Amino acid sequence: MNETVQTLLVALRGAVGPAGLLLDPADTAPFAEDWRRLYRGQTPAVVRPASTAELAEVVRLCAAAGVGVVPQGGNTSMVGGAVPAEDGSDIVVSLSRMNRVRSVDPLDLSITVEAGVTLKAAQDAAAAAGCLLPLSISAEGTAQIGGVLSTNAGGNNTVRYGNARDLILGLEVVLADGTVFEGLRRLRKDNTGYCLRQLFAGAEGTLGIISAAVLKLAPRAVETEVALCAVPTVAAALALFTRLHREDPASVQAFEYMAGTGMALVLRHIPGAAMPIAAPSPHYALVELATPRRNAGLRAMLEAALEAAMEAGEVTDAVIAESGAQRAALWKLREEHAEAQKREGANVKNDISVPVSKVPEMIARATAACEALIPGVRVVPFGHMGDGNIHFNLEQPVGMDPAAFLARDHDIMDAVGEVVRDLDGSFSAEHGIGKLKPYMMPLWRGGAELEAMRRIKRALDPHGMFNRGKVLPADGGV
Ligand code: 2HG
Ligand code: ZN
């Protein structure tokens with residue numbers, strides 16, 4: 001460790017106190033590896049400020065020392081978005097001690113939270129005040145608000161409420177020189193120049209560090225129905241979605257697709273996962289309908305729609321949850337897909353989106369492309385069909401060396417990407433770019449778009465200290 005870093009660590013200890021600084025490699029190691037275990041970096045320290053003032057001082061000290069900063073929330077990125085560099089040149093700044101819910105306002109329908117509050121804790125605080133925080137992702141128990149907003153997380157409710165950025169009313173952000181952008185406003189209308197808060201949403205911590213946010217809430221549902229449906233084809237799942245959406249778009253809270261291959265992995269690897277439908281199906285759809293309207297008759301609507309869907313051959317079997325516990329059990333079958341795939345072995349993820357109408361064609365064509373590329377590869381698509389975002393994931397062929405399979409990740413991502421481009425889709429629908437996908441930016445976002453992003457980066461982070469190597473591909477500059 002060089003002298004500059006040693007001096008910096010002493011100053012950081014002064015800024016955050018001994019409880020805010022982790023130096024022992026045994027303590028810092030979990031912060032240096034991503035959830036998927038694709039990347040293992042190194043860091044001389046994990047700094048854990050307890051307030052915005054402390055965070056600002058940490059950033060100021062790191063800027064003065066010319067040391068890189070990697071902001072980190074729950075470290076659940078699927079694209080290595082929060083790992084420090086391999087050479088140990090980045091300090092990790094963990095937001096986990098900034099975990100206060102500052103206020104919930106059921107009249108304004110807003111919640112003010114610090115960056116280190118987990119999404120689940122924010123949802124619970126909203127629910128305790130009779131409101132709904134309409135953002136739900138599989139990692140919500142661990143993912144923190146700062147990371148969720150920085151990555152513009154999508155998740156299960158996008159079909160009804162949009163992505164994380166759509167919920168942001170106000171943001172507080174620590175900038176690269178340690179000054180604080182104090183934008184914690186909670187106005188529904190505020191048309192005053194550039195919308196800075198939206199720059200930081202989806203920037204993945206490359207422009208500044210989100211320290212707190214004001215988020216929109218919705219009225220809490222009084223009727224909720226969840227059904228798991230066995231469907232014969234992907235096209236049938238889409239037909240079911242269209243049927244329900246036409247019936248009452250405002251009540252379709254989630255519409256998730258799962259291939260039978262993925263469901264089998266969940267049932268094999270996840271303790272307590274149980275399939276309530278007797279005969280295995282090649283495809284499944286999970287539907288959640290919810291409404292804050294009293295006596296809306298959602299149950300009757302769902303039953304009638306499923307009956308009609310069965311007559312039309314769109315659904316072969318279905319169960320409707322009868323209790324909160326059953327709803328949770330059905331959701332578990334969907335939410336444990338990522339964990340089950342991890343336990344099965346090596347996997348390559350394609351977090352892609354296409355226009356909703358193109359989902360069946362995308363799955364068919366990408367399946368054919370991958371099977372031609374790697375014979376025996378296991379195709380395990382699932383995801384948020386209602387908004388066109390499918391996790392077109394692949395498990396290694398049985399018996400193939402995991403490292404050899406992972407070495408093909410770019411080939412696979414490029415083959416899937418070709419199909420997705422042809423269908424006017426995106427190569428990263430909700431997981432962002434992180435460390436995994438900057439190489440894809442020139443092809444997908446090149447020219448004026450990428451150049452404008454670079455200019456914004458230079459303007460807000462002129463020395464390139466924030467989350468180096470993420471989002472933007474190297475260009476010799478920052
Ligand atoms: C989900 O929808 C997450 O469960 C993870 O976005 C997706 O594992 C994945 O590819
Ligand atoms: Zn997802």
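Owing to the predicted nature of the structure, the values given are computational and were not obtained by experimental measurement. When a ligand or atom number is given, it counts from 1 through the structure's own listing order.
Heavy atoms of His431 approach ligand 1 to within less than 4.0 angstrom.
Of the possible donor and acceptor atoms, one in the side chain of Asp34 sits under 3.5 Å from a partner among the backbone N and O of Tyr39. Checked by atom type and distance alone, the side chain of Arg48 never pairs as donor or acceptor with a backbone atom of Arg97 at under 3.5 Å. With hydrogens and angles disregarded, a donor-acceptor distance shorter than 3.5 Å links the side chain of Arg165 to the backbone of Gln198. Proximity of a side-chain donor or acceptor of Lys216 to a complementary backbone N or O of Ile168 within less than 3.5 Å is not detected.
Considering Lys349, His391, Gln341 only, the shortest heavy-atom separation from atom 8 (O) of ligand 1 involves Lys349. The residue among His337, Arg334, Arg36 with a heavy atom at the shortest distance from atom 1 (C) of ligand 1 is Arg334.
For His391 and His431, the distance between ring centers is under 6.0 angstrom. Taking the six-membered ring for Trp, Tyr439 and His410 have ring centres closer than 6.0 Å.
Atoms of ligand 1 lying under 4.0 Å from at least one heavy atom of Ser138, given by number and element, are 1 (C), 4 (O). Here is the list of ligand 1 atoms found below 4.0 Å of a heavy atom in Met78: 5 (C). Per-residue contacts place Asn393 under 4.0 angstrom from the following atoms of ligand 1 (heavy atoms of the residue considered): 8 (O), 9 (C), 10 (O).
When all heavy atoms are compared, the tightest approach of Ala122 to Leu133 is CB-CD2, 3.6 Å.
Contact annotation for His384 and ligand 1: only side-chain heavy atoms (C-beta onward) come within less than 4.0 Å of the ligand. No part of Asp351 comes within 4.0 Å of ligand 1, judged by heavy-atom distances. By the criterion of a heavy-atom distance under 4.0 Å, both the backbone and the side chain of Ala338 are placed next to ligand 1.
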For residues 366-377, dump all side-chain donor-acceptor pairs below 3.5 Å to protein atoms at least two apart in sequence or in another chain.
from: Thr367; atom 1: OG1; to: Ile363; atom 2: O; distance (Å): 2.5

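Figure legend: cation-pi geometry between Lys437 and Trp444 absent, as NZ or CZ is not positioned both under 6.0 Å from the six-membered ring centre and within 45° of its axis.
Counting heavy atoms from C-beta outward, Phe427 and Ile433 have side chains that approach closer than 4.5 Å.
Looking only at protein N/O/S atoms, the ones less than 2.8 Å from the Zn ion (ligand 2) make 3 in total.
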